[in-house]
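Here the structure is a predicted model, which means the values were calculated and not measured. Below, chains carry the letters A, B, ... as their sequence lines are ordered, and counting in each starts from 1.
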Amino acid sequence: MRCSIFDITLLLVVSSVTALAEPPRIGNDELKTFTTIPAQVVLVGQDDQQQLVVTGHHANSGVSDVTHQVSFKAADAGIVRIDAGGLVAPVADGTTSIAIESQGVSLSIPVRVTSCNADQPINFTNEIVPILTKLGCNAGSCHGKAEGQNGFKLSLLGFDPAADYEALVHEGRGRRVLESAPEQSLLLIKPTGRLGHGGGKPLAVGSADYRLLERWIAVGSPFGNADDPRVTGIEVRPAHRLLRKQADQQLTVTARYSDGKTRDVTRRAEFRSNDGELIDVNQDGRVQTVGRFGEGSVMVRYAGFVSLFRATIPLESASSLESQASPANFIDEFVFAKHRQLGYVASELCTDGEFIRRASLDIAGTLPLPDEVRQFVADQNPNKRQLLVDRLLERPEYAEYWSLKWADVLRVRGGSNDDTKAKIDGLNTRAIKFREWIRQSLAENKRYDRFVREIVTADGMTTGPQSQPAILWYLELKNAEGLIEDTSQAFLGTRIQCARCHHHPFEKWSQDDYWGLAGFYARVEWRVGVDRSGKPVKDGKPIRASESGRVGQLVAMNPNGALEDSRGRVFANPSALDAAPLSVPKSEDPREKLVDWMVEPTNPFFARALVNRYWGHFFARGIVEPVDDMRETNPASNPELLDGLAASFLSGGFDLKALIRSICHSHTYQLSSLPNSTNRQDLKHCSRYLPRRLPAEVLYDAIDLITDNKTTFRVAGENTKVELEIRAIQRPHMRVSNYFLETFGINKRDSACECGRESDVTLAQRVLLLNNGDVQRKLSSKAEKLLADKRPLAEIIDETYLACFARLPNDKERQTCVDHVSAKLADERKKTEAFNDLLWALVNSKEFIFQR
Amino acid sequence: MIEIQTSQAAGRLCNGVSRRTFLRVGSLGVGGLTLADLMRLRASGDADSRKTHKSVIVVFLNGGASQSDMFDMKPKAPAEFRGEFSPISSNVPGVDVSELLPKHAAMMDKMSIVNGIQVITSGHSLYEASTGFAGNVQPRRPSIGAVVSRFGKNTEGMPPWTSMAGHSDPAFLGPEHAGFNPSGGLMRDLFTNGGLPADRVSLLKAVDNLRRDIDANQELLATDTFTDKALQMLSSTRIREAFDVKQEPEKIRERYGKQNYGGVGLLQALRLAQAGVSLITVYGPGNGKWDTHKDNFKVMKDTILPHYDQSLTAMFEDLYARGLDKDVLIAIYGEFGRTPRINKNAGRDHYPQSGFVQFVGGGLSMGKKVGDTGIRGDWDISRGQPYTIQNIISTMYHVLGIDPSIKVPDNFGRPQYLLAQRNPVSELM
């Protein structure tokens, strides 16, 4: 039954995509009519204001924002005034209208102003705190930081209004607000620069914010009543628009309150562009596109709530190009639909050589051998690419390589320099065991939900024959906080750690959400003092995980375990995100409930997080990027694709290999990296393949492979010196490393983030590859063999090209190499340099260092 | 004030991504330059800007030096504070120094002393000395040199930061801003295998044909740029020669004192500054001996101060003789000062309330003594606004032209000022 539900979802999504795939229409021809957001203006009280958005409807039925092109005129200036940007403010009670006019088109919208003379009560939380937030007073770099700034401390981003009220009204010897002379209050003098202020002059005298602050002080700085309406949400309008490059779009932001009323808060909200290369936004909510094509978004924040405006900026000139790639599966349907929206034409399919190199590196972390390349290219089977993907998934290197990725996420570190030597030995042994467990799980294609359950519910001894490999994850993360933060980031794609100490600045998650989620680990405890056989020491007293040593027995069943947050609040019952607290019977393990919730088909995080992570592996960028930071304010580049992949992953029974097959069988994965005239600027929507540098381990192995070398890693810092003859992708823990790997960037495994792996190109890397002694020795050993090789020179050069680039040299390249090598071979003194030069030049080429 | 903007909020919470948006293609210390910097330098064709290049040499007095026996002597204090040494007058009227520093006394007009430096950490913290912040507070902060590597006006082809001492960590500025360690792998790669045959390089140019404009982050372009730069460095001997003190005449080297004085490092540091390295960290004389919980006076008299006087004044003389005093600042300090009151073991203990820093050159005002610590040296400094390590570092940034109010996102995307106390030592401006 479960499967069928998801098939239906998938179908629905597909059809909606087709509907969206109309050619983009943006109005730029004859203006026909206007509409406004809102359609009529109602202002209540002297502080109210309303931002208008005027939309022009054009002859071709496209629309465009004309807020900043039309003229506004209030019919009765004694009732309202409106500025050139469409901001309406009250003057006196009454009813009137605003005339909007441009290019002979006009529209009149009704306006009503009430309660202008009656002082509206001011609520500190609803009205004053947002000003402090928008001005940046309570930012983490100013008064919002933990120790405050120059003796004045506000809660970060205003999430603790009561404390902020205390700080403003009662601390500072009462000078911050002076009811008798509001304009002399520090709150008004400092930010306007009338008294020295390290934070500059963010507030203008006489501005709307200034007047509201002044009036609030004058009426005695009220906090407000407990039953005053609270903000319950915000809405940004429009929510999505097609825009031209270098065009405008005004936004309005409306807050909803608990009494059902709404209010315009455009000038009090904060705006931030998520995609600075595409769109800018100012603090009045005016968006401007910069001059590139693509899709971007603007984040809006007000009173702890966030919302998003999305802009699609399609390529405007129609292209004569037509995509050669037809959809191979559902992935292509979603991706190509997005291309049509944006006016991109996908690049051509890549060559066979490019494909075998790309797929072998991505799936197995391994370069294809020359013979494999030759056979693949010669193969006439039309399904050969799919078959290659399937074969690669069955190779042992698949599980080896992907366990490296998972060992990064699961922080398989081994001993650290801070540990004693005995501990380093023990931790290294356990790291090897945990990594081997990961490898085994991937090799047997264990269901992903089971894989996660076995980690999250690991139990028992950390040492001895009965020890469970995944206990190492617990050893590394230590306490409920560490566990829930990694659970969120690694398995739910959500970075909840900000909410440990304060409301998440870009998300809806509060401290309550954080501690509720952490509650699933509240019953976890460690017993310390286990002897060598793994038995707990007789009167070992249970203590909190955070206090324990790194050896012991995990006990997930202290029925009275509870957590306390930094505010001293106790959380006994766990609660899942967006869910009510659960009461877990004392005989049960809450961690099972946590996994039950995660793997539920309706869970919006779990499957999406995994498919996004895997997508990021193959396309160097997640559908949401970073891959483990999925939130409303960080939208997916293609939400339908993300949903479709997640639905397929769920309906397929959490089958990781099937997911990889789907991705690699798609034509999207097989596109060439060469851009055409439409998609050069596309970095997000996979209209071509984006080249990237090989990861450190893969590059290291590639050099070993093409030079027939094997590396022995010596594990440093142990009692017993261990020598491991393994490939670099088989590195079990952090102590198996070398200068090459560190220079090219390995993940330090000190967080669950894959971003811990540096992928940048650096000068030290270039110096290393050009002149490192170890690399030179590897190249020389192969060069010696080639010197003894009796085959014709051109054949050797072809073979070397195949090994390095998975292609043959073109005639010019072959001739250059033949000339260079034969000249050196002819010179007795330079003979040994001949093949060294060849290998050195190929290994130092971009085509070797990068995959494309 | 400059705020370093990340181009997408999405990347703000993640080390790798947020830093990527700077579009810098820097590298391990040697040229933490952005691609844009490189292009600009290339366009201006002015690689050797030696005349205007600024450097700072940080000399750490590892262990914490006793100000009361050196530059903040208290001859009128009771005996349990005063100590065994007497002050002598220097060539600056009113500025007296310890009798064990006669060479200093003869050239006090060429240096300035700031007393009353307050630190946060009472245990030995080269972390605080190197970053200005306490080590137990998140986020972990970048060392001075990493900031210089990232934000300084550095010399092309030279490492911006050579790290021979102190806490050396680029933290959230990223590993490409790590210190250039003379015993590290990059040094080996640069100098062990000798040069590359020219015809080999021409073969590389002939076969390296992948288009460099087709990736997302300009890393193909960076690869080409750094290949050229790396080849250039491999054929140059500037860095190696800067480390090689044997290039100095015997006569000069002798003045820095015997091997165990720690003078070799000082001479190396000066040569590196002269060669265009922007920030050099080095341990000063008496390394490891400054922590004089007992027998303070014996240790100071027998070893530390004679070495100190000899080696450092030789360095100062060279600084002026080479005409570097306007462009190169030497800053000498330890983790903290030592207690004005002498303990029962004739030693002095840790004293975070008050220590000293010795500044030489850098175009700062010289011959000054700043900071009144009272008659016994235990003046309640907190009554005023004492200078801290951050003010010392801010003074270095002032010399290097780095704005300490720059904000940089840390690994969680939170904007962090480079320094919280951003005013330099104003008396020396």
Check: Do A/N844 and B/T227 have side chains that get closer than 4.5 Å, going by heavy atoms?
Finding: no
Note to self: Just verifying a value: how many Å separate B/L220 CG and A/E847 CD, rounded to the nearest 0.5 Å?
What the structure shows: 10.5 Å
Next item on the list: Locate the shortest heavy-atom distance separating B/D189 from A/N771; write the atom from each residue and the value.
Entry: O-ND2, 2.8 Å
Next item on the list: Take A/W840 and B/L203, measure what side-chain contact (heavy atoms from CB on, under 4.5 Å) needs, and give me the verdict at the end.
Entry: CA-CA 9 Å; A/W840 179 88; B/L203 182 65; over 6 Å; no
Check: If you count heavy-atom pairs under 4.5 Å with chain B, which of A/R852, A/Q497, A/E742, A/H820 comes out on top?
Finding: A/H820
Item checked: Portion of A/F740 that has a non-hydrogen atom of chain B nearer than 4.5 angstrom -> neither
Next item on the list: Before giving the answer on side-chain contact (heavy atoms from CB on, under 4.5 Å), spell out for B/K229 and A/V767 the whole-Å C-alpha distance, their side-chain angles and the decisive distance to 0.1 Å.
Entry: CA-CA 9 Å; B/K229 210 161 138 53; A/V767 174; over 6 Å; no
Next item on the list: Among the options A/K824, A/Q149, A/E833, pick out the one with the most heavy-atom pairs lying under 4.5 Å from chain B.
Entry: A/K824
Check: Applying the side chain to side chain donor-acceptor pair (under 3.5 Å) test to A/K846, which of B/D224, B/T223, B/N209 qualifies?
Finding: B/D224
Note to self: Please give me the minimum heavy-atom distance between A/C817 and B/V207, naming the atom from each residue.
What the structure shows: SG-CG1, 3.9 Å
Item checked: Pairwise distance CG(A/L842) to CG(B/D208) - rounded to 0.5 angstrom -> 9.5 Å
Margin query: I'd like to verify something: which residue of A/R692, A/R680, A/R693 has the highest number of heavy-atom pairs under 4.5 Å with chain B?
Written below: A/R680
Check: Considering only heavy atoms from C-beta outward, does the side chain of A/S845 approach that of B/K205 to under 4.5 Å?
Finding: no
Item checked: Rounded distance (nearest 0.5 Å) linking atom CG of A/L838 with atom CZ of B/R200 -> 10.5 Å
Item checked: Heavy-atom donor-acceptor pair, B/Y417 side chain to A/C142 backbone, under 3.5 Å -> no
Next item on the list: Quick one: closest heavy-atom pair of A/T762 and B/F226, and the distance?
Entry: C-CD1, 4.0 Å
Notebook entry, point to check: With A/K748, which residues qualify under salt bridge (charged side-chain N to carboxylate O under 4.0 Å, His left out), at least two apart?
Noted result: none
Checklist line | Side chain, backbone, both or neither of A/D819 within contact of chain B (heavy atoms, under 4.5 Å) | finding: neither
Notebook entry, point to check: What's the shortest heavy-atom distance between A/L770 and B/A230, and which atoms?
Noted result: CD1-CB, 3.6 Å
Notebook entry, point to check: Are any side-chain N or O atoms of A/R688 and backbone N or O atoms of B/I214, one a donor and one an acceptor, separated by less than 3.5 Å?
Noted result: yes
Check: For A/F848, what residues pass the ring pair (Phe, Tyr, Trp, His ring centres under 6.0 Å) criterion, not counting sequence neighbours?
Finding: none
Margin query: Nearest 0.5 Å, please: how far is CG in B/D215 from OH in A/Y689?
Written below: 11.5 Å
Checklist line | Toward chain B, the part of A/L683 with a non-hydrogen atom under 4.5 Å | finding: side chain
